[in-house]
Amino acid sequence: MKIVTMTASLSLLLLATSCSSSEHPGPIYTKVLPGDLALHPERLRPHSIRYKKLSGSMYYEMDRVTIDDRSLYKLDIYFNSDGEGVPDSIYFDPETLGYSGRHLELQDYTIDVQFQDGYFTGNLIPAEGSNYDPVTYDKQYEHGAFEPAVINYFIAALPLAEGYTASIPTFDLSNGSQILWANIEVLGKEILEIDGIQYNTWKVISDGIRQKTLWISEDVPYAIKMQTKGVFGTWEIDP
């Protein structure tokens, strides 16, 4: 079965681009897969952060959890600054940083999916009266991938230096559950000042599912600022 229509209620973190998959760039630099020795997963740690944007704010909370005897990172993304309501929950492996699953509840449907040992499984369950068909996911991949909604974390774990480049696979749930590539290039260091506070950052461009410019902190494991081409606009840390 497939989704028969797209509505405005889709989460902004789940929206597909208007381009076809053939228009997405392929890998042009050295590939970095989950578990690659180039990654520094120890840079990530539990934390909470707020981002402000033109249309409101977002609250991120990341912690370690255990599910079925597996130790995972769970990132809860709340579509408000207070951390209220049901979050978009994204799971990834703390050692490899590979995508492990997602649970998302929206007005029109619920998605509950897992990615383990190369297999992507789970379901999209429509709400009563919605315009969606149920979807069962059962697909095998040659290798793991990263979650594009939190690409800033995986960039933070790369060996960032001026001129550094990498191509990383991202798992696009909204576009037929494909693996698409993000090509990363570090432009250099830049000092940002937001609300009177200065941050030492690496300025990075990412051309993949979306075209992004990210300012990754040297001191904490996430982006201080993100600019996405199109409707997503600019997000900044809320000190």
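- Rounded to the nearest 0.5 angstrom, T66 OG1 and K74 NZ are separated by 12.0 Å.
- Judged by distance alone, with hydrogens and angles left aside, the side-chain atoms of S167 form a donor-acceptor pair with the main-chain N or O of I28 at under 3.5 Å.
- With a 4.5 Å cut-off on side-chain heavy atoms, M226 and Y51 count as touching.
- By the ring-ring contact (aromatic ring centres under 6.0 Å, His included) test, F146 is found to be paired with F154, residues two or more places apart in sequence or in another chain being considered.
- In terms of heavy atoms, A38 sits closest to P159 at O-CD, 3.2 Å.
- Salt bridge present: E218 and K189 bring a charged side-chain N and a carboxylate O closer than 4.0 Å.
- Partner of R102 under the salt bridge (charged side-chain N to carboxylate O under 4.0 Å, His left out) criterion, out of D76, D172, D112, D88: D88 alone.
- Within the 4.5 Å cutoff, side-chain heavy atoms of M58 are placed close to those of I77.
- Annotation: cation-pi geometry satisfied between R64 and Y73 (NZ/CZ under 6.0 angstrom from ring centroid, within 45° of ring axis).
- A distance-only check finds no donor-acceptor pair linking the side chain of T170 to the backbone of P148 [under 3.5 Å].
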TODO: Evaluate the side chain to side chain contact (heavy atoms under 4.5 Å, CB included) criterion for residues I155 and I184: first the C-alpha distance (whole Å), next the side-chain angles of each, then the deciding distance (0.1 Å), finally the verdict.
DONE: CA-CA 8 Å; I155 292 177; I184 308 297; 3.8 Å; yes

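- Side-chain contact between D207 and I205: absent, with no pair of heavy atoms (C-beta onward) separated by less than 4.5 Å.
- Atoms CD and CD1, on E190 and I224 in that order, are 12.5 Å from each other to the nearest 0.5 Å.
- Shortest non-hydrogen contact noted between A157 and L97 is CB-CD1, 3.5 Å.
- When all heavy atoms are compared, the tightest approach of L124 to Y132 is CD2-CB, 4.4 Å.
- Once rounded to the nearest 0.5 Å, the distance linking OH of Y222 with OG of S48 reads 8.0 Å.
- No path of Ile, Leu, Val, Met, Phe, Trp and Tyr side chains, each step under 4.5 Å between heavy atoms, connects M62 with Y78, placing them in separate hydrophobic clusters.
- If you take CD on E236 and CD1 on I194, they are separated by 4.0 Å, rounding to the nearest 0.5 Å.
- Follow the hydrophobic side-chain contacts under 4.5 Å out from Y164 and you reach I216 in the same cluster.
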Open item on the list: Walk me through whether F171 and Y141 qualify under ring-ring contact (aromatic ring centres under 6.0 Å, His included).
Closed with: CA-CA 11 Å; F171 189 75; Y141 295 87; 5.5 Å; yes

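- I237 and V150 fall within a single hydrophobic cluster, where Ile, Leu, Val, Met, Phe, Trp and Tyr are joined by side-chain heavy atoms under 4.5 Å apart, directly or via other members.
- Residues K229 and K212 are not in side-chain contact: their nearest non-hydrogen atoms beyond the backbone lie 4.5 Å or more apart.
- We find the CG-CG distance between D219 and N200 to be 6.0 Å, quoted to the nearest 0.5 Å.
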Open item on the list: What verdict does the side chain to side chain contact (heavy atoms under 4.5 Å, CB included) test give for R45 and V220, after you've listed the backbone C-alpha separation in whole Å, the side-chain angles of each residue and the deciding distance to 0.1 Å?
Closed with: CA-CA 9 Å; R45 60 182 184 267; V220 291; 3.6 Å; yes

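- Between P34 and G98, the shortest heavy-atom contact is CB-CA, 3.7 Å.
- The local environment of CD1 in I197 is crowded, with over 12 non-hydrogen atoms from other residues, nucleotides or ligands closer than 6.0 Å.
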Open item on the list: As a quick check of understanding, evaluate side chain to side chain contact (heavy atoms under 4.5 Å, CB included) for I49 and E61, giving each step before the final call.
Closed with: CA-CA 7 Å; I49 183 175; E61 186 172 49; over 6 Å; no

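- Counting only heavy atoms from C-beta outward, the side chains of L158 and V32 approach each other to under 4.5 Å.
- Rounding to the nearest 0.5 Å places OG of S57 at 8.0 Å from CZ of R50.
- Two different hydrophobic clusters hold I209 and W181 under the rule that ILVMFWY side chains link at heavy-atom gaps under 4.5 Å.
- Within the 4.5 Å cutoff, side-chain heavy atoms of Y60 are placed close to those of L75.
- With a 4.5 Å cut-off on side-chain heavy atoms, Q211 and S206 do not count as touching.
- Within a 6.0 Å radius of CD in E42, other residues, nucleotides and ligands contribute more than 12 heavy atoms.
- Applying the side-chain hydrogen bond (donor to acceptor under 3.5 Å, both in side chains) test to every pair with at least one member in residues 151-163, sequence neighbours left out, gives these pairs: H47-Y153.
- Sequence neighbours left out, not one pair with a member in residues 187-221 passes ring-ring contact (aromatic ring centres under 6.0 Å, His included).
- Of all heavy-atom pairs between E95 and P41, the closest is O-CG, 3.4 Å.
- For D195 and K52, the salt-bridge test passes: some basic side-chain N is under 4.0 Å from an acidic carboxylate O.
- A pairwise comparison of heavy atoms in N183 and Y29 identifies CB-CE1, 3.8 Å as the closest pair.
- A distance of 6.0 Å or more separates the ring centres of Y99 and F92.
- A distance-only check finds a donor-acceptor pair linking the side chain of E147 to the backbone of A149 [under 3.5 Å].
- Looking at R70 and S100, their side chains come closer than 4.5 Å, going by heavy atoms from C-beta outward.
- When hydrophobic clusters are built by joining Ile, Leu, Val, Met, Phe, Trp and Tyr residues whose side-chain heavy atoms come closer than 4.5 Å, directly or via intermediates, L39 is not grouped with L33.
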